[in-house]
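All chains are named by letter (A, B, ...) in the order of the sequence lines, taking the proteins before the strands, and each is independently numbered beginning at 1. Only heavy atoms go into these numbers, but all of them, side chains included; no hydrogens, no water, no symmetry mates.
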2 protein chains.
Amino acid sequence: MASEHQSRTVDAVQTSLDIIEFLQSVESAGITEIADAVDRSKGTVHGHMATLVDNEYVVNDDGTYRLSLQYLDLAETVKGRLQIYDVVRKELDDLAEECGELAQFATEEHGKAVYIYKTEGEDAVQTASSVGNRAHLHCLSLGKAMLARMDESRVDAIADEHGLPEFTDATITTRGELFEELEAIRERGYAFDREERIEGLRCVAAPITMNDEVMGAISISGPASRFSGPLYEDELPNLVTRSANVIEINAQFS
Amino acid sequence: MASEHQSRTVDAVQTSLDIIEFLQSVESAGITEIADAVDRSKGTVHGHMATLVDNEYVVNDDGTYRLSLQYLDLAETVKGRLQIYDVVRKELDDLAEECGELAQFATEEHGKAVYIYKTEGEDAVQTASSVGNRAHLHCLSLGKAMLARMDESRVDAIADEHGLPEFTDATITTRGELFEELEAIRERGYAFDREERIEGLRCVAAPITMNDEVMGAISISGPASRFSGPLYEDELPNLVTRSANVIEINAQFS
DNA sequence: ATAGTCGTTCGGCTAGTGCGAACGACTCGG
DNA sequence: CCGAGTCGTTCGCACTAGCCGAACGACTAT
């Protein structure tokens, strides 16, 4: 599919990353199990584990290996680099409480949406998405809000890379529809998700920009039963865009 | 100092980990700067970067490299593995609100305390510690609460590895004092930090155990001006131990 | 006891990693 | 407008070090 530049890569590092990925999927495992999973000899894996343990990325609990808590530190560092993270958190907590629903913040990376923060009001629905998860942009209110603020060429590149897979009957699956929708979003200033990703789940989102660059988007999500009529079409959009504005303004002083 | 077993390790992986560590400290950097920092040739670093970018652990923004948001996902996975994480969050939020102070949860790893969750009441003090950070156990209420529930041999091993460095006049710096203090904590059921780490900062902590294994500890922190008399000696300890109990009970059904 | 695990160590072969030079693209100043 | 200085990238070569496979000791279970 997407054939990359293919510079020379380092095989040994690839092996270690494969091990880490495997350990992310299995909670904990022994040498033999890991060696089997990444298709290397036990001796080789043993050396990799020694390196990872030395650097405290992996912990050895009496014979079985698991990922360490080191990643928390990395994650906090990375989050802290989003200049608006603290401002978003505060404002989003208020927003979630005010409307009692689920509020989220996401950013774009590698052409996908990455959920960064999630906060729940009293009646919030439970969704599969959680912090760190990645999702296609075209089927999320968050994603479309961000796409609407990007160059067309960028949107095209992303569609090339990840496609426009269909999740429900309402999912946008053609570029024509997508560009039309993005135009409408630009005019309105906010984006809807009318059960385009998950049947029964509706969202409203507004982008957050700083000097013409998309920093991310925030959204409110709820069940279709509650999200309809003037509440869904007017009130919630107002709340979300208001919060987005507050974030944009506060972000300038931090 | 602590000379490890020294199994055979993988140099190439070590290089990549050095690069990641460097990128954690500098926000973003180019090939030449990185090569300089990790003391490798530009060509070598180039190969490593290609590998890390391929695996999406690093992002290349027009010429400069930075850590990706991938680590959020890893961090959430790792947090999710602490069976009690969700229970702790909920209970700690309540606790922080009830007493208006700073409440924290930490675990032990590699003989150090790792802060996992932090939540602030209305009058909470600001501290340097934040999620993912590691700190010495012997000078924290959180740390001592955990040490008090470990075998003596384990405590000795930890003291061997990390020592008992002094931070303030009140810091415990000898094993004799430490073991005495741990005994007192075992009797009381909770631990104090009487400005042992930071001048003017006091804390109370209680350990969280599940079938005789320490899962971590929770604490309340505040300024010495407020943390004194019966509030500090009785009321806050009661609140903390009550919360710890609630967590232990709820954790059994999750 | 024995046969099956497991993790660990080690010698040896060769693939792959690291180096450094060279290249093209770019940015400054003069 | 062009040279001197960056930068990132590519590539051939030398040699290291990564990978394998076999062997070992410690366990467990039957």
Side-chain angles (χ1 to χ4, degrees), chain A residues 2-23 25-68 109-110 153 157, chain B residues 2-23 25-68 109-110 153 157:
Chain A
S3 65
E4 300 297 320
H5 288 262
Q6 287 301 21
S7 309
R8 201 154 46 160
T9 58
V10 184
D11 290 3
V13 173
Q14 187 61 54
T15 302
S16 265
L17 296 182
D18 287 346
I19 291 172
I20 290 172
E21 196 187 340
F22 177 66
L23 284 180
S25 71
V26 297
E27 176 115 32
S28 82
I31 294 272
T32 308
E33 190 180 351
I34 297 170
D36 204 51
V38 302
D39 206 41
R40 292 273 119 105
S41 77
K42 286 196 293 175
T44 300
V45 170
H46 188 73
H48 280 271
M49 297 322 287
T51 313
L52 294 172
V53 170
D54 265 10
N55 287 271
E56 306 198 341
Y57 284 97
V58 165
V59 178
N60 188 343
D61 279 345
D62 45 64
T64 81
Y65 295 89
R66 62 174 174 82
L67 297 181
S68 79
E109 193 173 86
H110 298 295
S153 60
Chain B
S3 63
E4 299 297 319
H5 287 263
Q6 287 300 21
S7 307
R8 207 154 36 162
T9 59
V10 184
D11 289 3
V13 173
Q14 188 60 55
T15 301
S16 267
L17 296 181
D18 288 346
I19 291 173
I20 289 172
E21 197 186 340
F22 176 66
L23 284 179
S25 70
V26 298
E27 175 114 32
S28 82
I31 294 271
T32 308
E33 191 181 349
I34 297 170
D36 205 50
V38 302
D39 205 42
R40 291 275 121 103
S41 77
K42 285 196 294 175
T44 301
V45 171
H46 188 72
H48 281 271
M49 298 321 288
T51 314
L52 294 171
V53 170
D54 265 10
N55 287 270
E56 306 197 342
Y57 284 97
V58 165
V59 178
N60 188 343
D61 278 345
D62 46 64
T64 82
Y65 295 89
R66 61 173 175 81
L67 297 181
S68 79
E109 194 174 83
H110 299 294
S153 60

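C:dG7 atom P lies 14 Å from atom CG of A:Asp61, rounded to whole Å. What separates CD1 of B:Ile31 from P of C:dG20 is a distance of 16 Å, to the nearest Å. Taking atom CD on B:Glu33 and atom P on D:dT9, their separation rounds to 15 Å, with Å as the unit. For B:Ile34 and D:dT9, the CD1 to P distance is 10 Å, given to the nearest whole Å. Protein atom CZ of A:Arg40 is 19 Å distant from nucleotide atom P of D:dA17, rounded to whole Å. Distance A:Met49 CE to D:dG18 C1': 17 Å, rounded to the nearest Å. Spacing between atom CG of A:Asp62 and atom C1' of D:dA26 amounts to 15 Å, rounded to whole angstrom units.
If you run side chain to side chain contact (heavy atoms under 4.5 Å, CB included) between B:Ile19 and each of B:Leu52, B:Leu67, B:Val58, only B:Leu52 comes through.
A sub-4.0 Å separation between OP1 or OP2 of C:dT9 and a side-chain N or O of B:Arg8 is absent. Within the 4.0 Å cut-off from OP1 or OP2 of C:dG20, not a single side-chain nitrogen or oxygen of B:Ser41 is found. Between B:His46 and D:dG8, a side-chain N or O to OP1/OP2 separation shorter than 4.0 Å is absent. For A:Thr32 and C:dG7, the shortest distance from a side-chain N or O to OP1 or OP2 is below 4.0 Å.
To the nearest 0.5 Å, atoms CD (B:Glu33) and OG (B:Ser28) are separated by 7.5 Å. To the nearest 0.5 Å, the span separating OG1 on A:Thr44 from CD1 on A:Ile34 amounts to 12.5 Å. To the nearest 0.5 Å, atom CG of residue A:Leu17 and atom OH of residue B:Tyr57 are 5.5 Å apart. The line from OG of A:Ser16 to CE of A:Met49 is 8.0 Å long, rounded to the nearest 0.5 Å.
Taking a 4.0 Å limit (strictly below) on heavy-atom distances, residues 13-22 of chain A does not reach DNA chain C anywhere.
Looking only at distances, a side-chain donor or acceptor of A:Asn55 sits under 3.5 Å from a matching main-chain atom of A:Thr51. A donor-acceptor pair under 3.5 Å is formed between the side chain of A:Ser25 and the backbone N or O of A:Phe22.
Along DNA chain C, the nucleotide nearest to A:Ala29 and the one nearest to B:Asp11 differ in position, and the one closer to the 5' end is contacted by A:Ala29. Nearer the 5' end of DNA chain D, as judged by each residue's closest nucleotide, is the contact made by A:Ala12, out of A:Lys42 and A:Ala12.
Here B:Gly30 lies in heavy-atom contact (under 4.0 Å) with sugar-phosphate atoms only.
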